[in-house]
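Okay, so here's the structure we're looking at.
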Number of protein chains: 2
Amino acid sequence: MVTMRDVAQAAGVSAATVSRVLSGSRRVNPELAARVLAAQDELGYRTNLLASGLRRQRTDTVGMVVPQVGNPYFSALMEAVGRRLQRVGITVLLVDAENDPDAEAEGLHRLLDRSIDGLLAVPVDEHASTAALTEAAERVHLVQLDRAAEGVPADLVAVDHLAGIRSAVDHLVARGCSDLAFVSAEPRDSTARERARAFDDAMRATGATARASAFGSYTVEWGRVAATRLVEGGRLPQAIVCGNDLIALGVLAVLGEAGVDVPGEVAVTGYDDIGFATLTAPALTTVRQPVDSLAEAAVDLLLGDGPGEDGPSVQRFVPKLIVRASTDPSAPVPHRRRVQERP
Amino acid sequence: MVTMRDVAQAAGVSAATVSRVLSGSRRVNPELAARVLAAQDELGYRTNLLASGLRRQRTDTVGMVVPQVGNPYFSALMEAVGRRLQRVGITVLLVDAENDPDAEAEGLHRLLDRSIDGLLAVPVDEHASTAALTEAAERVHLVQLDRAAEGVPADLVAVDHLAGIRSAVDHLVARGCSDLAFVSAEPRDSTARERARAFDDAMRATGATARASAFGSYTVEWGRVAATRLVEGGRLPQAIVCGNDLIALGVLAVLGEAGVDVPGEVAVTGYDDIGFATLTAPALTTVRQPVDSLAEAAVDLLLGDGPGEDGPSVQRFVPKLIVRASTDPSAPVPHRRRVQERP
DNA sequence: CTGTTAGCGCTTTCAA
DNA sequence: TTGAAAGCGCTAACAG
């Protein structure tokens, strides 16, 4: 391994000078600097970030924990966050919680033990994630993203799901649907709880009738199961409001296989607007989450000073309903040559 | 920050003893050990992995670089690798190359500078990735996964695309298709090149006729564009062989919008078998890549000794054709309650 | 079995 | 402006 001392020796200067040249922390005689850079190039020297981090007590590294890497919504979030942080020279250490609070807790420890400068977390569970995140918040600047865990003293950047679900329901009601079913994930995380609550509120506000809500997980498979039950149950609702797009994809697949006309017999809405939402037949009407805005706000908070005297802040972004054919036969067909949208 | 010395002091022992107890590296008087553990618990001490890594010259951390986090095939690979490494107590640092060799090179440096113990790479470009990966191979144990870059002295774990494409073509020909079109990515990475080559070979071997192959990128959007051209070109081929599933999804969407009957008028095959392949209408016939086997083999190599005297090894897995409705109207409809397959 | 000591590679005082 | 020296927190070698 080539060390800074090697470079110093080759350049005929002290290690301190090499450090100064490479970090730009102080003015150095241009001639010496040139020798240092030449020596570095010659030897192929690279700074050892372990040693540098240990000494500086900063690593220019932040951690990010997401519930599931394979969920396209989270990968979009990861991409958006990664791009933003790369720009300011910060590396992201990614941890997949595998939808399991224990794996999440272990992942958090792995990150913290590596002396990260900050942490972005999308908590798996509103309650089960609290302990590990609270501990994390004590050790490092933490920002919660997309979801919150109960009682964690950290800023939150999230989406206004009340508005999101409401926009979907309003749209459906305006199109004449009055008999709705809600299919979503068990309200173990804050988004699932808020969306469920929002659906109930919207029912009351619009006077529409709701079937008993069906709660499972944010997966295609659950969408399939729930839709199968509805199909086999006989009388279909006029619309199925899904808690996320994966569920909606499963629902659409089953309805398609069963020969149910969408949106003629049943309208379907999703939530997230993942890339695949334009690919179903019919294309999926969905609530688009502002991934870039979320990532930007979260990163800004993370690079900022942290919660002030008046406690953690909460930032909510209002999502936008994207109307497609699954609720509206007259919705524009995705233009064939248009670049695929990726919110 | 609470350090090992604090724990030592609280337990009335030396730092060395604390280190021994926590790492289990040597026998320690049980009574002292108990005091150490109590003190650790009391103070909430956690080992500083920066310091530990610096001293031990090992970090129990490996890096992984993938072309694009958002591509479901790669996220499946990431998940499989992550699960395997977690089991042996190794943390994965993930870097997204954003399909850009420059970003990839920078990401590689970020990883190497963090003293990773090993590196798993899926090279973005067969040639443009060579320099950075060769340099990486000199600094750390490198294993190439899924794709190879030309001339990099590192083991490779990949898929036998000759067999994969051949199985798709044979299936189509057996079903009576003799006029085929190949739609894939520009052969800038090894998989794209090998699949293109395999398609040509298969044409010769089976005597089927091929349209001029259309090369773009491994994206839904390129699938849309290419399919639009075919549709507008007039006489459609009897089958479209796609270089990956994303392309196939785009192709299916356009054919669907154009009212073309699949597989009646045109059969379509994909490659990868991502989760969404079961969700299209019709469901997609595709070549399933053995993600778990790839991950297992790559991790085993990474944890092993590296290339021996006789140069880098190459391990090829034979993928399996999964026949669904996009090539065969009599193919079994995905069972409604079956757990979603994720290769 | 335990403690003392040295040093991983770097940055940052402090003196010159 | 530059260099010498100390030390970030940990572990391995060496004594005892």
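Throughout, protein chains are lettered first and strands after them, A, B, ... in sequence-line order, and every chain is numbered starting at 1.
Rounded to an integer number of Å, the gap from L50(B) CG to dC10(D) P is 10 Å. As a whole-Å value, the separation of D60(A) CG from dT11(C) C1' is 14 Å. Straight-line distance from the CE atom of M1(A) to the C1' atom of dG7(C): 15 Å, rounded to whole Å. Between L43(A) atom CG and dG9(C) atom P the separation is 15 Å, expressed in whole Å. In this structure, L49(A) places its CG atom 19 Å from P of dC8(C), rounding to the nearest Å. Spacing between atom CG of L54(A) and atom C1' of dG7(C) amounts to 12 Å, rounded to whole angstrom units. Going from atom OH of Y45(A) over to atom C1' of dG9(C) covers 7 Å, rounded to whole Å. Between the CZ atom of R20(A) and the P atom of dC10(C) there is a distance of 15 Å, rounded to whole Å.
The shortest side-chain heavy-atom distance between D60(A) and D117(A) falls under the 4.5 Å cut-off. At least one side-chain heavy atom of L108(B) sits less than 4.5 Å from a side-chain heavy atom of V65(B). Residues N48(B) and M1(B) are in side-chain contact: their nearest non-hydrogen atoms beyond the backbone lie under 4.5 Å apart.
Counting only heavy atoms from C-beta on, S14(B) has its side chain closest to dT4(C) among dT4(C), dC10(D), dG9(C). Taking only side-chain atoms of R55(A), from C-beta outward, the nucleotide of dG3(C), dA6(D), dT13(C) with the closest atom is dA6(D). Side chain of N48(B), nearest nucleotide from dG3(C), dC10(D), dC1(C): dC10(D). Nearest nucleotide to the side chain of R26(A), out of dC10(C), dT13(C), dG9(C): dT13(C). Ranking dT11(D), dG3(D), dC10(C) by closeness to the R56(B) side chain, first place goes to dT11(D). Residue A15(A) places its side chain closer to dT11(C) than to any other of dT11(C), dC10(C), dG3(C).
For T17(B) and dG3(C), the shortest distance from a side-chain N or O to OP1 or OP2 is below 4.0 Å. One finds a side-chain N or O of N29(A) lying less than 4.0 angstrom from the OP1 or OP2 phosphate oxygen of dT2(D). A sub-4.0 Å separation between OP1 or OP2 of dT11(C) and a side-chain N or O of S19(A) is present. Side-chain nitrogen and oxygen atoms of S52(A) include none within less than 4.0 Å of the OP1 or OP2 phosphate oxygen of dC10(C). The phosphate of dA12(D) (OP1 or OP2) has no side-chain N or O of Q57(B) nearer than 4.0 angstrom.
Across all strands, L32(B) comes closer than 4.0 Å only to sugar-phosphate atoms, never to a base (heavy-atom distances).
The nearest pair of heavy atoms linking D292(A) to A80(A) is OD1-CB, 3.6 Å.
A 6.0 Å sphere centred on CD of E42(A) holds no more than 12 heavy atoms belonging to other residues, nucleotides or ligands.
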